[in-house]
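Structure, as structure tokens:
Every chain is numbered from 1 and lettered A, B, ... according to where its sequence line falls, protein lines coming before strand lines.
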Amino acid sequence: MTMTPGLRKFALTAHLTFSVGWIGAVVAYLALGIAAMTSQEVQTMRAAWIAMELTGWYVIVPLALASLLTGLVMSLGTRWGLFRHYWVLFSLLLTIFAVIVLLLHMPTVTFLADVAAQADEATLGRVGGDLFHPSFGLLVLLVIQVLNIYKPRGLTPYGWRKQQEQGRVSPDVDAAT
Amino acid sequence: MSQTHGGPDRGSPPSTPRWVKVFGIIVIVLLLLFVILHLTGNSFGGHNGYLPSIEHGAQPP
């Protein structure tokens, strides 16, 4: 199940690109959310919500799904595994949580973007912006990134049993991500 | 290499690292905070003050 070095590098490149792109897209979304919340200009608020919907569906969601998928490929295709190391397990759970919240939140963004497109100034003021979800999402993504870079040590009981069975020392060398 | 962090015996699994326990508690607290804030409508900067069903007869998804 272990990938060849060339394939592993390709998968790692894809995973890094999608993951970092996801973070960048959330930062852009956060900027739009702040603009929608703080701006006094009707056109700016309207445009921000429309851009948030487009950014969410066409950039953030695809990047999130691609990041999750390539992360699974990286884990299963190397000796890190999915459930052997605590940092991989935490990264997986947090990523799944972030993707689920994103997919549950996006229909509301679409709804509010539709409202904003037609609303008058008073109604737009009540629609406000969207800070909570992108802020929390960004925090989760940064935590995942730190885990993936530092790779704090710690084998799960399952990972320990597997290591005992295989008599291996560490996947650090051939699966560095 | 990675399982010898606490110097466990070869026949017994290593104890859970301290960072895992601390990190797990922080994650659980933050997730609970997220859920509570979300359910109570206190998400800062959010759009919870808007009640579209009243004004437009529409329902958010």
Side-chain angles (χ1 to χ4, degrees), chain A residues 30 33-34 36-38 49 84-87 89-90 93-94 97 101 104-112 114-116 118-119 122-136 139-140 143 147 150-161 163-164 168-173, chain B:
Chain A
L30 185 58
I34 292 171
M37 192 181 74
T38 59
W49 271 106
R84 297 183 183 192
H85 297 263
Y86 282 111
W87 74 265
L89 190 58
F90 274 122
L93 294 177
L94 288 173
F97 175 77
V101 171
L104 290 176
H105 182 57
M106 279 312 298
T108 305
V109 174
T110 296
F111 173 80
L112 289 170
D114 289 343
V115 170
Q118 305 164 22
T123 307
L124 267 174
R126 292 174 60 196
V127 171
D130 190 10
L131 282 185
F132 180 69
H133 291 88
S135 301
F136 197 86
L139 174 67
V140 170
V143 168
L147 282 176
Y150 283 88
K151 299 181 180 61
R153 292 181 179 185
L155 282 173
T156 63
Y158 169 77
W160 180 83
R161 282 199 304 276
Q163 194 178 68
Q164 295 297 307
R168 287 180 179 151
V169 178
S170 170
D172 289 19
V173 175
Chain B
M1 184 170 82
S2 51
Q3 59 104 184
T4 57
H5 194 46
D9 297 334
R10 190 162 176 79
S12 61
S15 59
T16 306
R18 188 185 301 161
W19 77 264
V20 173
K21 296 173 184 172
V22 174
F23 190 83
I25 290 170
I26 293 172
V27 166
I28 289 170
V29 169
L30 285 176
L31 293 186
L32 283 177
L33 188 67
F34 175 83
V35 171
I36 290 169
L37 286 174
H38 201 272
L39 291 180
T40 57
N42 290 318
S43 48
F44 59 92
H47 37 69
N48 299 297
Y50 183 67
L51 299 173
S53 56
I54 295 173
E55 288 199 11
H56 297 280
Q59 291 288 340

Can you tell me which portion of [X] sits under 4.5 Å from chain B's heavy atoms? Options are side chain, backbone, both or neither.
X: Leu94(A); result: side chain
X: Leu139(A); result: side chain
X: Val140(A); result: neither

For the residue pair Pro17(B) and Gly154(A), what are the closest heavy atoms and their distance?
CG-CA, 3.7 Å
Option in Ile34(A), Leu147(A), Leu89(A) with maximal non-hydrogen atom pairs under 4.5 Å from chain B
Leu147(A)
For Val101(A), give me all partners under side-chain contact (heavy atoms from CB on, under 4.5 Å), at least two apart in sequence or on another chain.
Phe97(A), His133(A), Phe34(B)
How long is the span from the CH2 atom in Trp87(A) to the CH2 atom in Trp19(B), to the nearest 0.5 Å?
9.5 Å
Under 4.5 Å to a heavy atom of chain A? For Leu33(B) that would be neither
